[in-house]
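Bear in mind the structure is a predicted one, so any value in this text is a computation, not a measurement. Note that ligands are numbered from 1 as they come in the structure, with each ligand's atoms numbered from 1 the same way.
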Amino acid sequence: TKGVITIDPGYKNTGSCESAITFLDGEQGILRYRGYSIEELAAKADFLEVAYLLIFGELPTKEQSEKFHNDIKAQAVVDEDVKKILDAFPKSAHPMGVIASLTSALTAFNPSSVNVDSEEDMYKSVVKILGKFPVLVAWTFRKKEGMPLDYGDNSLGYVENILKMMFKKPNGEYTQNRILVDALDKLLILHADHEQNCSTSTVRIVGSSHAGLFASLSAGISALWGPLHGGANQAVLEMLEGIKADGGDTKKYMAKAKDKNDPFRLMGFGHRVYKNFDPRARIIKKAADDVLGDLGVEDPILDIAKGLEKEALEDSYFVDRKLYPNVDFYSGIIYRAMGIPTDMFTVMFALGRLPGWIAQWREMRLRKEPIGRPRQVYTGATERKFVSIDER
Ligand code: SDX
């Protein structure tokens, strides 16, 4: 109603927009991208098909898919000057800070904001960022590992090439592992979009000022970094490793999670929308079992995760608050099996979420949404006269 300001911290009861991209039903634990269930897409599609679907609204035909792949491959090169930016970072720099900076750098290399009303312009920006971002991800990882910054093999599929760019030995040696390629493709699909979460809302609000797409994505990366959001996948592994180091005493950590005076939270649990199992967590949990089984890897961390999940699902504190495992609870276990270090987990989340951010940014601009500018209820000092410093 006009003139009345309703304060809604964290926008728990505020809808920021109408959207036709992703549907969530938190009570039922349903997730659909453009009407297709996440279960079907994770089982039958590949990541670039899902990216195309989210951004352009339909699954691509064979011709559209081939053109999309080829146009992205043509963009999978990055200005050599980006290496100078990477050189400026110490090895201790957190990869999320590095990738946010490199994405901003892409803005500097591509300052003009895309003309969203031109399908051709928008398509060119989409294939440019989908081509270059994986290179930035691979170089961010290899810089920390002290490995050469070069390219993979454009004859490979999109996800195969990402793994090769990341893990190719300095002497060029690389053994493709189909299990890991399929697992990463599935993980990226599961992370691809999730309606108006914190980082997507950030991308939308930054884009609503008509800042460029790459600048908006860089802002989204920073928002994703927080441990309450995408940073949770790193926090989950650190939590599980802490419990393992502490003798696997899950009961102690369950008590800490319930103790209001203890800031500790069970990372990877709870969700603003899902008040049921996160459908992605179900799929990732099975994928973690399959990947570790296929690789013949026994990971005690997975056992601790399963123990913690079992206890939480039987504990009234969690049941009453409808706290279930979310997308971040099991994903790190698969990334670990791939040899990806913990501080790169959220970068992998950003890689997956890229198409969703792009799709949401495009929808917001095409709908000519107004600049995001909420109001407030002022609670500060009433008017007062200035006092010179000698009299303070
Ligand atoms: C992602 O929004 C999205 O869609 C995000 C995401 C996506 O795809 O983009 O799904 C990805 O970010 C998943 C969430 C990853 N974050 C974590 O796993 C961090 C741990 N989770 C919590 O911090 C929390 O559950 C949130 C942030 C996810 C949701 O927080 P809310 O909706 O603001 O809920 P809340 O903090 O108000 O908690 C409600 C109650 C509180 O207890 P009471 O004050 O009612 O007694 O539940 C408790 C909280 O203390 N609670 C937890 C808890 N999460 C909530 N208690 C212990 N451990 C937890 N993890």
Side-chain angles (χ1 to χ4, degrees), residues 8-16 19 21-27 29-33 38 42 50 54 96 187-204 220-240 243 250 252-284 305 308-309 311-313 315-333 345-346 348-357 359-360:
D8 182 19
Y11 309 118
K12 291 192 174 190
N13 302 298
T14 295
S16 62
S19 177
I21 299 169
T22 290
F23 171 75
L24 296 193
D25 178 323
E27 296 305 323
I30 294 171
L31 167 58
R32 296 187 197 123
Y33 296 159
I38 192 63
V50 169
L54 284 167
M96 280 299 274
L187 275 177
L188 295 178
I189 289 172
L190 292 168
H191 285 86
D193 193 53
H194 214 238
E195 59 136 272
Q196 305 312 315
N197 58 84
C198 177
S199 54
T200 300
S201 299
T202 302
V203 169
R204 275 181 171 258
I221 292 167
S222 298
L224 187 72
W225 193 355
L228 295 187
H229 188 16
N233 57 15
Q234 172 174 348
V236 166
L237 245 293
E238 287 162 354
M239 172 185 75
L240 293 173
I243 294 173
T250 50
K252 174 178 162 188
Y253 287 83
M254 290 290 291
K256 281 169 62 70
K258 297 187 284 189
D259 177 353
K260 285 298 164 208
N261 301 320
D262 188 325
F264 174 80
R265 285 197 154 189
L266 205 54
M267 302 313 279
F269 262 78
H271 198 277
R272 174 64 58 74
V273 177
Y274 289 126
K275 300 307 172 194
N276 193 325
F277 237 91
D278 180 335
R280 301 167 296 176
R282 278 190 211 284
I283 299 169
I284 294 177
L308 213 48
E309 178 196 332
E311 280 182 46
L313 295 179
D315 184 298
S316 59
Y317 174 96
F318 288 85
V319 174
D320 295 350
R321 290 169 180 77
K322 299 186 178 203
L323 301 176
Y324 291 88
N326 59 48
V327 67
D328 293 302
F329 190 62
Y330 284 104
S331 54
I333 286 157
F345 288 4
T346 313
M348 302 310 285
F349 192 146
L351 183 64
R353 185 51 53 91
L354 203 60
W357 285 334
Q360 299 273 352

* To do: Determine, using ring centers only, whether His194 and His271 are less than 6.0 Å apart.
  =>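 Yes, they do, as the ring centres are separated by less than 6.0 Å.
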* Could a heavy atom of Leu228 be found less than 4.0 Å from some atom of ligand 1? ->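 Yes; Leu228 lies near enough to ligand 1 that a heavy-atom distance drops under 4.0 Å.
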* To do: Give a yes/no on ligand 1: does Lys12 have at least one heavy atom closer than 4.0 angstrom to it?
  =>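 A heavy atom of Lys12 does come that close to ligand 1.
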* Asked: According to the interplanar angle, ranging from 0 to 90°, do the rings of Tyr324 and Phe277 count as parallel (below 30°), tilted (30 to 60°) or perpendicular (above 60°)?
  ->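 Correct class here is tilted.
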Identify the heavy atoms of [X] and [Y] that sit nearest to each other, and give their distance.
| X | Y | value |
| --- | --- | --- |
| Ile21 | Asp193 | CG2-OD2, 3.6 Å |
| Ser331 | Leu187 | CB-CD2, 4.2 Å |
| Val50 | Ala192 | CG1-CB, 4.1 Å |
| Asp278 | Val327 | OD2-N, 2.9 Å |

Could you see which bit of [X] sits under 4.0 Å from ligand 1, with heavy atoms only: side chain, backbone, both or neither?
| X | answer |
| --- | --- |
| Asn326 | side chain |
| Lys260 | side chain |
| Arg353 | side chain |
| Tyr317 | side chain |

* Asked: Between the candidates His229, Gln196, Met254, which shows the shortest non-hydrogen contact distance to atom 11 (C) of ligand 1?
  ->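 Ranked by closest heavy atom to atom 11 (C) of ligand 1, first place is His229.
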* Asked: Out of Met267, His271, His191, who gets a non-hydrogen atom closest to atom 5 (C) of ligand 1?
  ->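 Among Met267, His271, His191, the closest heavy atom to atom 5 (C) of ligand 1 belongs to His271.
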Among all protein heavy atoms, pick out the one at the shortest distance from [atom]; state its residue, atom name and that distance to 0.1 Å.
| atom | result |
| --- | --- |
| atom 51 (N) of ligand 1 | Leu323 CD1, 3.7 Å |
| atom 26 (C) of ligand 1 | Arg265 NH1, 4.5 Å |
| atom 31 (P) of ligand 1 | Arg272 NE, 3.6 Å |

* **From CZ (Arg353) to CG (Leu224), nearest 0.5 Å** =>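 The distance works out to 7.0 Å.
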